[in-house]
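Following: one structure in C-alpha cells, then a few remarks.
Predicted model, so just to flag it, every value in this text is computed and none were measured.
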Amino acid sequence: MGVLAPDSGQIRLDASDRRLPPSAIANMGVQLVPEERAIFGGLTVEENLRIAALTAPNAWSFDRIYQLFPRLKERRKSAGRTLSGGEQQMLAIARALIRDARIILLDEPFEGLAH
C-alpha cells in the first residue's frame, strides 16, 4: 500500500514499477482491509459506505453491496460500533468493494467471524 518502503524486490501493477504514495496506489484499485477494520463506529453502515465511495471514480451502488451482504442492508441504519465482529468485517470488506477494487489486501480476513 506504500505506507512502508520495501527493503528489496518489486510489486508491479499494470507494469508500473515506480514508488507511489498510498493515495495513488488506492486510486489504481488496490484496497486494504486492515485487521482492526477501521470503520467509523459513530457512523451508520450506510454512512461508512458513502464515505468510502466519495472519491471512487466507479463506485458500486448500495444495491450491489447489499446483494453481496444482505445483513448489511438489514443493519444499514445501525452505528458501526453496534455491529457484531462479523458484521464489522463485512462492512470493512464492503468499503473496499464499493470503491470498485481490482485487488483487495485482507489482513486477518476471518477475524471476528463465527465458525
Which atoms form the tightest heavy-atom contact between Ala96 and Ala101, and what is the distance? O-CB, 3.5 Å
same_hphob_cluster(Leu68, Val45) at 4.5 Å side-chain heavy-atom cutoff: yes
Test item: Leu105 and Val33 side chains (from C-beta on) under 4.5 Å apart, heavy atoms: no
State, with a plain yes or no, whether a side-chain heavy atom of Ile98 is found less than 4.5 Å away from one of Arg64. no
Roughly how far, to the nearest 0.5 Å, is [atom2] of [Y] from [atom1] of [X]?
X: Leu54; Y: Leu49; atom1: CG; atom2: CG; value: 11.0 Å
X: Leu83; Y: Thr44; atom1: CG; atom2: OG1; value: 9.5 Å
X: Ser78; Y: Leu43; atom1: OG; atom2: CG; value: 13.0 Å
X: Gln88; Y: Met90; atom1: CD; atom2: CE; value: 10.5 Å
X: Trp60; Y: Ile65; atom1: CH2; atom2: CD1; value: 5.5 Å
X: Phe69; Y: Ile93; atom1: CZ; atom2: CD1; value: 5.0 Å

Side chain to side chain contact (heavy atoms under 4.5 Å, CB included) partners of Arg76, counting only residues at least two apart: Glu46, Tyr66, Lys73
Between Arg99 and Asn58, does the side chain to side chain contact (heavy atoms under 4.5 Å, CB included) criterion hold? Intermediate values first, please. CA-CA 7 Å; Arg99 293 188 49 77; Asn58 298 306; over 6 Å; no
For Phe40, is the CZ atom crowded, meaning more than 12 foreign heavy atoms sit under 6.0 Å from it? no
Give a yes or no on whether the backbone of Arg71 and the side-chain of Glu74 come within a donor-acceptor separation of less than 3.5 Å. no
Test Ile39 against Arg95 for side chain to side chain contact (heavy atoms under 4.5 Å, CB included), laying out the working first. CA-CA 9 Å; Ile39 64 169; Arg95 286 187 321 169; 4.0 Å; yes
